[in-house]
Amino acid sequence: MGTLSSFSFSLTPPNTLNFRKQIKNRSSSSSSVKCFLCGELLLKRRRRLTSHRNFGRSNFVIRSSYNDSNHSNDDDNINNSSNNSNSERENKENTNLATLASAEEKADDKPDNSPASISSRPPTMPGVGPPYSNFQVDSFKLMELLGPEKVDPTDVKVIKDKLFGYSTFWVTREEPFGDLGEGILFIGNLRGKREDVFAKLQSQLTEIMGDKYNLFMVEEPNSEGEDPRGGPRVSFGMLRKEVSEPGQTTLWQYVIAILLFLLTIGSSVELGIASQISRLPPEVVKYFTDPNAIEPPDMQLLFPFVDSALPLAYGVLGIQLFHEVGHILVAFPRKVKLSIPFLIPNITLGTFGAVTQFKSLLPDRKAKVDISLAGPFAGAALSFSMFTIGLLLTSNPTVSGDLVQVPSMLFQGSLLLGLISRAILGYTTLHAATVPIHPLVIAGWCGLTTSAFNLLPLGCLDGGRAMQGAFGKDALTASGLATYGLLGLGVLGGPLSLPWGLYVLICQRVPEKPCLNDVTEVGSWRKALLTMGIILVALTLLPVWDELAEELGIGLVTSF
């Protein structure tokens with residue numbers, strides 16, 4: 001803790017001396033001056049005692065050497081008074097105060113041309129705010145060094161003087177901005193239409209600072225009401241470009257993307273082989289169906305079935321490629337850069353989709369919704385086409401040689417797709433132990449399921465990004481918690497709900513960063529389109545329970 005007397009010091013502020021001299025000159029009685037000085041010294045004494053206690057708590061040790069006998073006596077009295085009673089402490093303090101008051105009065109009686117006597121000891125630091133240990137202070141400094149580069153205070157002053165004003169945005173206060181407070185948030189009053197003001201401020205910021213900073217228009221935090229012109233109150237945040245903009249794709253990321261692509265090809269081919277389960281050798285079927293089977297079969301037994309598995313693998317990969325093309329076609333005219341897709345292999349569906357990152361800041365929430373929905377909608381459109389064409393080909397006797405036998409219980413994995421299959425194939429076909437279907441049905445089914453999973457309003461998925469852009473971050477938080485609960489209970493996705501939920505938690509749980517213009521609404525038709533998509537997602541991922549399956553004739557329930 002250190003010794004209290006080792007850092008006891010005092011400094012009379014210059015303003016206090018001047019004020020005391022004015023009081024003395026105006027006063028006709030020296031006793032009033034003495035009372036004033038005694039009261040002032042008493043207050044100074046209490047501040048010094050408080051200073052000692054606060055410094056003792058925060059483990060700061062400040063050492064000062066001086067030859068002032070009065071101050072030395074003060075420090076000795078402080079140390080001795082800690083062991084005496086309250087009455088003795090008061091008597092000693094009164095004695096010292098009287099002595100100090102007399103010394104102060106004599107010092108004030110000196111001519112004005114004499115230099116003021118100022119103690120060589122440093123000023124007392126008041127104990128304001130929470131105490132911090134040396135370790136905490138060092139940790140804060142380390143975090144500041146290792147953290148993102150903050151906005152230059154000199155630039156903040158220049159921007160306040162030259163960028164904002166009466167005609168655009170009048171700044172009233174500033175707050176930290178960003179995940180780690182590395183930016184500046186300007187809070188104030190808007191003086192025009194928000195979109196026009198934002199465009200003007202962006203142009204002027206480029207003229208003043210070049211490409212050094214990015215300006216964001218966001219909703220004012222903890223706003224007490226809406227803007228008088230309508231809509232939420234807005235604020236403007238500023239971040240350095242190297243902090244706010246996404247980093248470029250590295251060489252290792254390209255290597256990982258290529259490896260994941262090769263693994264996805266393998267999982268898609270494996271799906272095509274597994275779809276021919278009725279034709280496979282018994283030892284291969286046992287390996288795919290028996291959970292106790294550990295040793296894999298001879299791979300040479302699978303080679304004859306690779307050629308027939310390729311069409312299904314091409315279909316699964318083609319749907320995913322079409323999904324990514326949908327993102328690119330919508331992002332390109334908006335000058336939004338996308339990363340290389342990182343495909344996620346899965347032996348049940350061939351692929352769980354892909355992780356595609358934004359490599360540039362989104363201009364507004366409309367772009368976020370449009371780009372996010374374009375991929376799943378494109379993939380779902382191609383998947384539904386394959387699924388429907390496959391069901392129609394299944395009913396055609398001329399292609400019976402291309403059909404594969406699958407268990408009828410597979411159609412219970414989706415309420416929507418099961419009802420469509422029941423309507424096209426009929427009750428008799430589906431109410432059996434196995435059902436002959438065209439491979440396009442499997443490819444379309446897997447593509448629709450993957451598109452539905454990616455459209456869930458959760459984290460950084462396509463559905464999560466669209467939900468954040470259309471309804472805001474609070475709506476995304478609520479929908480994310482509800483979706484996690486449904487996945488945990490197995491209500492959505494059946495046996496695939498647990499692996500999908502773990503995948504999202506590991507890879508895509510963090511919401512997308514805000515847009516440059518994160519305030520302007522996206523319009524009612526985009527919200528309606530997203531709402532309709534989420535309803536279709538729920539119907540696609542909702543399994544059919546046994547009672548309903550038996551009533552609708554979707555699968556032979558008594559056969560398993």
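Quick caveat, the model's predicted, so the values are computed rather than measured. All values below were derived from every heavy atom in this structure, side-chain atoms included, with hydrogens, water molecules and symmetry-related copies excluded.
- For CG of Asn222, the number of neighbouring non-hydrogen atoms (other residues, nucleotides, ligands) closer than 6.0 Å is 12 at most.
- Side-chain atoms of Thr483 come within 3.5 Å of backbone atoms of Ser479 as a donor-acceptor pair (strictly under, hydrogens ignored).
- Side-chain atoms of Leu416 and Leu448, non-hydrogen and from C-beta on, never get closer than 4.5 Å to each other.
- Of the possible polar contacts, one joining the Thr351 side chain to the Ile344 backbone as a donor-acceptor pair under 3.5 Å is found.
- Classified by interplanar angle (parallel below 30°, tilted 30° to 60°, perpendicular above 60°), the ring pair Phe352/Trp500 is perpendicular.
- Side-chain contact check for Thr520 and Asp364: no donor-acceptor pair (N or O, by modelled atom type) lies under 3.5 Å.
- Between His323 and His327, the ring-plane angle classifies as perpendicular under the 30° and 60° cut-offs.
- For Lys473, the NZ atom counts as loosely surrounded, since its 6.0 Å shell holds 12 or fewer non-hydrogen atoms of other residues, nucleotides or ligands.
- Side-chain contact between Tyr166 and Arg191 is present, with heavy atoms from C-beta onward closer than 4.5 Å.
- By the 30° and 60° cut-offs, the orientation of the rings of Phe169 relative to Phe236 is perpendicular.
- Gly181 and Pro176 make their closest contact through CA-CB, 3.9 Å (heavy atoms, listed as atom of the first residue, atom of the second, distance).
- Counting heavy atoms from C-beta on, the side chains of Leu456 and Leu492 come closer than 4.5 Å.
- Checking side-chain atoms of Thr356 against main-chain N and O of Pro341 turns up no donor-acceptor pair under 3.5 Å.
- Within 6.0 Å of the OH atom in Tyr503, the count of heavy atoms belonging to other residues, nucleotides or ligands exceeds 12.
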What verdict does the side chain to side chain contact (heavy atoms under 4.5 Å, CB included) test give for Leu373 and Asp462, after you've listed the backbone C-alpha separation in whole Å, the side-chain angles of each residue and the deciding distance to 0.1 Å? CA-CA 7 Å; Leu373 292 181; Asp462 291 329; over 6 Å; no
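- Judged purely by atom type and a 3.5 angstrom limit, Ser267 uses its side chain to pair as donor or acceptor with the backbone of Gly350.
- With hydrogens and angles ignored, the 3.5 Å screen pairs a side-chain donor or acceptor of Gln468 with a backbone N or O of Glu512.
- Here the closest heavy-atom approach between residue Ser385 and residue Ala381 is recorded as OG-O, 2.9 Å.
- Annotation: Lys337, atom NZ; neighbour count of heavy atoms from other residues, nucleotides and ligands within 6.0 Å does not exceed 12.
- By the 6.0 Å contact criterion, CG on Leu262 is enclosed, its count of non-hydrogen atoms from other residues, nucleotides or ligands being greater than 12.
- Within the 3.5 Å criterion, the main-chain N or O of Ile371 finds no donor-acceptor partner in the side chain of Arg465.
- Here the closest heavy-atom approach between residue Leu163 and residue Thr168 is recorded as O-OG1, 3.9 Å.
- At distances below 3.5 Å, not a single donor-acceptor pair connects side-chain atoms of Asp370 with backbone N or O atoms of Ala367.
- The two residues Met386 and Ile319 make their nearest non-hydrogen contact at SD-CD1, 3.7 Å.
- Using a distance-only test at 3.5 Å, with no hydrogens or angles considered, a donor-acceptor pair links the side chain of Arg365 to the main chain of Gly469.
- Contact annotation: the side chain of Glu245 never approaches that of Ser360 to less than 4.5 Å [non-hydrogen atoms, C-beta and beyond].
- Closest approach of Ala380 to Ser451, counting heavy atoms only: N-OG, 3.6 Å.
- The minimum heavy-atom distance linking Met217 with Val234 is given by the pair CG-CB, 4.1 Å.
- Summarising the local packing, CG of Asp161 is surrounded by more than 12 heavy atoms from other residues, nucleotides or ligands at distances under 6.0 Å.
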